[in-house]
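Before any comments, here is the structure.
Remember, predicted model here, so these are calculated numbers, not experimental data. Numbering of ligands and ligand atoms starts at 1, following listing order.
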Amino acid sequence: MDSQERRPWGIGVAGLGTVGAGLIDFLGGDPAFAPAGGLFHVSGVSARSRSRPRPVDISSIPWFDDPVALAQAKETDIFVELIGGSDGPAKAAVEAALRAGKPVVTANKALIAEHGAELAALAEEMRVPLKFEAAVMGGVPAVKIVREGLVGETINTIAGILNGTCNYILTEMETSGRSFADVLGDAQRLGYAEADPTMDVGGFDAGHKITILAALAFNCTPDFKAAEVEGIEQIELLDIRMAKDLGYRIKLIASAERAGDGARVRVRPSLVPLDHPLAQAGGALNALFIEGDRIGRFFIQGPGAGAGPTAAAVAADLADVMTGGSRPTFQAPVQDLPPLQRVDPRQMTGRAYMRFLVRDEPGVIAAVSETLAEAGVSIESFLQKPSEGAAGVPIVLTTHAAPEATLAEAVERIAGLSAVLDRPRMLRIVRI
Ligand SMILES: NC(=O)c1ccc[n+]([C@@H]2O[C@H](COP(=O)([O-])OP(=O)(O)OC[C@H]3O[C@@H](n4cnc5c(N)ncnc54)[C@H](OP(=O)(O)O)[C@@H]3O)[C@@H](O)[C@H]2O)c1
């Protein structure tokens with residue numbers, strides 16, 4: 001619809017959960033939000049249950065049982081998808097809206113990370129925008145910064161804390177001295193973590209977000225299958241304490257690094273130096289560090305989730321649509337974008353933190369050091385703690401940079417020593 005006609009834009013909102021209800025509240029009552037001269041209204045809503053009580057009044061808004069029907073309704077000028085999930089009703093409704101020639105705004109990172117290329121092709125064929133600011137870092141305009149603000153920049157590294165639930169759990173473990181399972185249980189009771197926390201604690205949510213940022217940063221299409229994902233389920237209090245004694249904090253870091261002709265995208269619990277800005281972002285905060293050829297380094301942080309911040313990001317996309325902003329979905333028309341070129345991880349080098357539980361007997365430390373030296377790994381620092389009642393003594397060390405394959409091989413060799421009592425633990429140390 002041409003805004004010159006001055007007919008109010010009809011906004012169809014599918015999904016009335018945390019974000020959907022937040023958006024209805026925002027659109028209904030924020031006088032500061034005035035794109036298109038305020039000429040818009042919520043023309044229809046859809047959710048799974050019509051009878052479920054909502055924190056906002058939707059009694060005067062037309063109800064649609066089926067989000068596909070809402071997407072296709074003639075009153076819907078812009079379709080907002082806030083259902084979630086990479087497939088199912090969210091994907092069906094977004095496709096229906098695009099096929100009907102309607103602009104789409106979504107907060108759905110799983111959908112964009114897994115199907116972004118095909119949806120962008122459909123949007124470009126139909127010449128309508130497909131926008132997803134709220135999908136990454138909630139209220140922090142990370143997509144706009146990378147997609148638009150840095151379009152002329154060669155980004156080399158983009159790395160951040162992109163999942164507030166994991167950041168909250170790791171922060172609580174450190175400050176309260178409680179285990180992963182205890183803190184997760186509390187977070188679920190308080191509503192900070194989902195009943196099924198796999199998407200968050202397994203690293204998949206952060207993986208979806210870094211997949212989207214990598215596509216924008218490296219001018220390619222998103223490909224979630226190219227991301228290496230590891231979560232925080234295996235992080236023990238002992239590692240958090242040992243890392244701190246060595247001058248680091250453990251964070252779930254999602255990163256995309258340019259390497260040669262390709263890039264590496266991964267999510268892994270990693271050690272961050274205590275004085276690095278990423279180490280200072282505690283609780284449910286999200287944070288992002290970007291390094292490029294011309295800009296050097298910069299850092300942003302803010303609320304990565306929640307009704308208000310996420311609704312504000314959805315509203316920013318709505319404002320772009322209503323005021324006529326038209327850019328391709330990613331950095332260029334999707335037909336001109338290659339898929340992400342994955343580099344062979346064995347070519348990458350890095351520094352590592354290693355923890356071993358060993359028998360408390362003479363010669364063990366020498367055996368560990370010799371095994372590392374034979375593998376070609378040099379030790380940077382070393383720490384031994386008294387046994388805390390458990391069998392064996394924990395020793396931890398950090399290494400200088402070495403090929404990742406060499407580090408993995410060294411750990412395997414040490415695991416085979418008779419004095420080593422448990423599966424060794426290895427975490428990477430960030431290089432940013
Ligand atoms: N929560 C956040 O802070 C946040 C931040 C950034 C991005 N996001 C993204 O925003 C999206 C929505 O998240 P959310 O937290 O608001 O989710 P949510 O609270 O679980 O809400 C999901 C909504 O979708 C509705 N729904 C489910 N199946 C449906 C179907 N078949 N047809 C129509 N509606 C259906 C649900 O209906 P009922 O209410 O009737 O069950 C509910 O209203 C997700 O993609 C999420 O990843 C969320």
Can a donor-acceptor pair be found between the side chains of Ser270 and Arg268 at a distance below 3.5 Å?
no
Would you say Lys131's side chain and Asp320's backbone share a donor-acceptor pair under 3.5 angstrom?
no
Main chain of Thr211, side chain of Asp223: is a donor-acceptor contact present, judged purely on distance under 3.5 Å?
no
Please verify the inter-ring angle class for Phe26 with Phe33; under 30° counts as parallel, over 60° as perpendicular, anything in between as tilted.
perpendicular
N-O pairing of Asp205 and Lys209 below 4.0 Å
yes
Between His276 and Phe289, is the ring centroid distance below 6.0 Å?
yes
Using a 3.5 Å cut-off on N/O to N/O, what pairs does ligand 1 make with the protein? A line per pair would be great.
unit_1	atom_1	unit_2	atom_2	d
ligand 1	3 (O)	Gly306	N	2.7
ligand 1	16 (O)	Thr18	N	3.1
ligand 1	16 (O)	Val19	N	2.9
ligand 1	19 (O)	Thr18	N	3.0
ligand 1	34 (N)	Arg48	N	3.4
ligand 1	37 (O)	Arg48	N	3.0
ligand 1	39 (O)	Arg52	NH1	3.3
ligand 1	39 (O)	Arg54	NH1	2.7
ligand 1	39 (O)	Arg54	NH2	3.4
ligand 1	40 (O)	Arg48	N	3.1
ligand 1	40 (O)	Ser49	N	2.7
ligand 1	40 (O)	Arg54	NH2	2.9
ligand 1	41 (O)	Arg48	NE	3.2
ligand 1	41 (O)	Arg48	NH2	2.9
ligand 1	41 (O)	Arg52	NH1	3.1
ligand 1	43 (O)	Leu16	N	2.8
ligand 1	43 (O)	Gly17	N	3.0
ligand 1	47 (O)	Lys109	NZ	3.1

